[in-house]
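Note sheet for the following structure.
The first residue in the sequence is number 1, and the count goes up from there.
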Amino acid sequence: KRGEQQYVGAFFEIKGYRTDENKWYLVVEEPKTEAFEVMKQLRSYTILVVLSSICILFILSIIMSQAITGPIKRLVEETQNAAGSNLGQSIEINSNDELGTLARSFNIMQSNLKSMMQQVLEKSSEAASLEEIRQYADKIFENVPSAILTIDSTGKITTFNSVATKLIGLQQGDLVGENIEKRLPNSIVPIINLLQDSLIRGVIYIKHITDITNTSGSVIPILIDTSIQKDSMGNTIGAIGVFRSVKEIQQFEESITRAKNLAALGELSAGMAHEIRNPLTSIKGYAQYIKSELVDKPELIHDVSTIIFEVDRLNAIINRFLIFARPNHPELKSENINSLLSRVFEFYNREIPDNIKLITNFDSLPPVSIDADQMEQVIVNLLLNAIQAMPEGGVLSINTRYVKQFGLAEIIIADTGLGISPQNYDKIFEPFFTTRNKGTGLGLAICSRIVENHKGFIEVLSIPGEKTEFIIRLPVDEGGEI
């Protein structure tokens with residue numbers, strides 16, 4: 001140390017100059033500041049290099065992290081979207097490593113999922129449409145006046161309407177949804193066999209007659225038509241059977257034939273009635289003149305009076321026949337059937353003998369367009385017939401009923417009288433047919449004609465010796481509400 005300056009020294013023995021007494025050394029001195037300057041510079045440089053390396057590594061790590069985590073984040077987002085039923089665009093990762101392979105696999109999965117969802121939506125839409133069509137068809141089938149039974153392509157019963165229930169006696173809930181491979185009631189087996197034949201072999205039956213047995217054990221011949229249901233692609237989806245009782249069809253055809261015959265007979269007979277009335281008028285006139293001249297011969301006055309009485313009776317018959325032959329066109333007005341029946345009972349209650357019990361049961365009915373006077377004539381005629389059928393007394397019942405599915409109001413007039421014999425069953429609505437000595441045979445014919453002019457129809461059910469039931473069915477007003 002020299003003054004305030006510090007030095008750093010080093011020495012080294014010089015062996016070539018060593019003697020026994022002395023040793024030679026090489027001594028080097030340098031100020032301390034100059035000796036450590038290089039080390040300071042080296043340390044600074046090292047620190048700078050380390051810091052620079054750290055910065056460069058940090059930047060590279062960020063870049064590499066983004067390059068790796070970016071596609072992973074995108075993959076996670078798309079996976080979450082797919083889980084939430086939101087299928088986005090494909091992931092674009094152009095690399096040959098495991099991440100690229102995963103992205104390509106995800107894109108394939110997403111594409112397949114889209115396709116699958118589209119197919120599911122289409123099938124769901126088709127299924128919904130088929131269900132709507134089926135529900136609409138069921139409503140139509142319920143309003144058809146024929147019995148209907150349908151099966152689908154899997155063999156399941158899909159329709160069994162209320163008319164079929166009434167005809168056969170089986171309930172809808174016991175059949176609809178059942179498979180025909182199961183043990184079904186024998187009542188519908190003949191119908192099921194025909195529908196199976198239509199499904200398997202494509203056979204269509206038109207006006208095919210077969211027998212079925214209802215739940216009461218009665219054998220019922222039916223007339224059935226079958227058809228095959230197909231979808232928009234032409235694929236078979238089921239078979240339909242429409243059937244009716246042969247007896248019911250015969251009665252309907254007889255009713256139509258009777259109406260046509262009555263119309264033709266009425267036109268023909270109207271002219272004949274006028275031709276008969278003219279000579280009757282002359283006969284009555286001459287008879288009245290003769291009666292006035294027989295003052296001194298009282299024994300003949302009775303005979304001439306009989307002639308005049310019979311002429312008047314013939315004229316009354318002709319008047320009734322003219323009503324039948326050319327009935328007045330009904331003046332239709334919206335009426336309440338129950339109110340009309342109440343008015344009839346009020347005026348004609350005295351005509352009911354004490355030994356006949358009257359029972360009434362009126363259902364709520366919508367308005368019906370009728371000619372009240374003509375319909376009153378029908379009801380009175382049926383009531384008087386029912387009373388005359390019970391000379392020993394009995395029960396007279398008058399009911400009304402609303403058949404909503406067919407839009408009909410029904411008037412049922414029943415008695416517990418003698419009934420109608422089987423040989424007369426098909427003749428009671430024919431003009432001039434009567435089983436009473438003093439009857440003209442025009443009452444029921446006129447009733448039938450009036451009801452038909454109201455676009456309705458009248459039916460009769462009778463068990464000889466037990467009961468007779470007349471049913472008048474009239475269409476209710478369109479849009480009418482109870």
Side-chain angles (χ1 to χ4, degrees), residues 123 126-257 403-406 408 459 461:
K123 294 297 180 183
E126 291 177 5
S129 299
L130 286 174
E131 184 61 25
E132 290 178 1
I133 293 171
R134 178 169 292 176
Q135 291 177 358
Y136 180 71
D138 288 342
K139 291 180 181 179
I140 294 176
F141 290 159
E142 280 300 317
N143 294 319
V144 172
S146 297
I148 296 178
L149 192 156
T150 67
I151 62 175
D152 62 18
S153 57
T154 65
K156 184 172 67 176
I157 297 176
T158 53
T159 304
F160 190 77
N161 69 350
S162 56
V163 181
T165 296
K166 184 177 180 180
L167 178 63
I168 301 177
L170 299 173
Q171 298 301 314
Q172 293 176 325
D174 297 333
L175 292 177
V176 175
E178 293 294 327
N179 196 288
I180 59 177
E181 297 297 330
K182 294 184 179 180
R183 183 174 178 81
L184 297 173
N186 293 330
S187 306
I188 62 170
V189 169
I191 302 172
I192 293 296
N193 290 339
L194 295 176
L195 295 180
Q196 278 186 301
D197 210 20
S198 296
L199 273 182
I200 297 172
R201 298 197 296 131
V203 178
I204 296 177
Y205 293 92
I206 300 176
K207 298 188 182 303
H208 179 78
I209 296 178
T210 188
D211 291 337
I212 61 174
T213 305
N214 63 14
T215 53
S216 300
S218 301
V219 177
I220 304 174
I222 62 168
L223 189 70
I224 182 170
D225 294 332
T226 67
S227 60
I228 300 174
Q229 291 177 293
K230 293 183 179 294
D231 60 15
S232 59
M233 303 299 293
N235 301 315
T236 299
I237 60 175
I240 304 175
V242 181
F243 54 98
R244 296 185 68 180
S245 166
V246 172
K247 183 178 180 181
E248 181 183 350
I249 295 173
Q250 290 174 343
Q251 289 176 345
F252 180 73
E253 291 176 346
E254 288 171 1
S255 177
I256 294 176
T257 302
V403 186
K404 186 175 182 179
Q405 62 264 35
F406 299 143
L408 294 175
E459 291 185 5
L461 302 172

*What do the steps show when you test D225 against K207 for side chain to side chain contact (heavy atoms under 4.5 Å, CB included), and what is the final call?*
CA-CA 5 Å; D225 294 332; K207 298 188 182 303; 4.0 Å; yes
*Please lay out, stage by stage, how T236 and S153 fare under the test side-chain hydrogen bond (donor to acceptor under 3.5 Å, both in side chains).*
CA-CA 7 Å; T236 299; S153 57; over 6 Å; no
*asked:* Show, in sequence, the C-alpha distance, side-chain angles and deciding distance for D197 and T226, and conclude whether the side chain to side chain contact (heavy atoms under 4.5 Å, CB included) test is met.
replied: CA-CA 10 Å; D197 210 20; T226 67; over 6 Å; no
_Checking F243 against L149 for the side chain to side chain contact (heavy atoms under 4.5 Å, CB included) test, could you report, in this order, the C-alpha distance in whole Å, the side-chain angles of both residues, the deciding distance, and whether it holds?_
CA-CA 8 Å; F243 54 98; L149 192 156; 4.1 Å; yes
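Closest of all the heavy-atom pairs between Q196 and I151 is N-CD1, 4.3 Å. Heavy atoms only, all atoms of each residue included: N214 and S187 are closest at C-OG, 4.1 Å. When all heavy atoms of L184 and E178 are compared, the pair lying nearest together is CD2-CB, 4.4 Å. When every heavy atom of I228 is checked against every heavy atom of G202, the shortest pair comes out as CD1-CA, 3.7 Å.
Atom CD1 in I180 sits 12.5 Å away from atom CD1 in I191 (nearest 0.5 Å). Interatomic distance, E181 CD to T154 OG1, rounded to the nearest 0.5 Å: 10.0 Å. Here the CG-CD1 distance, from N186 to I212, works out to 12.0 Å after rounding to the nearest 0.5 Å. A distance of 10.5 Å separates NZ in K182 from NZ in K156, rounded to the nearest 0.5 Å. Interatomic distance, I224 CD1 to L194 CG, rounded to the nearest 0.5 Å: 5.5 Å. Rounding to the nearest 0.5 Å gives a distance of 8.5 Å between CG of D211 and CD1 of I222.
Checked options D174, I148, V176; the residue passing with F160 is V176 (criterion: side-chain contact (heavy atoms from CB on, under 4.5 Å)).
A donor-acceptor contact shorter than 3.5 Å is absent between the side chain of T159 and the backbone of T150.
At a threshold of 4.5 Å between non-hydrogen side-chain atoms, the residues L223 and R244 do not count as touching. No side-chain heavy atom of N193 sits less than 4.5 Å from a side-chain heavy atom of T210. Contact annotation: the side chain of P185 approaches that of L175 to within less than 4.5 Å [non-hydrogen atoms, C-beta and beyond].
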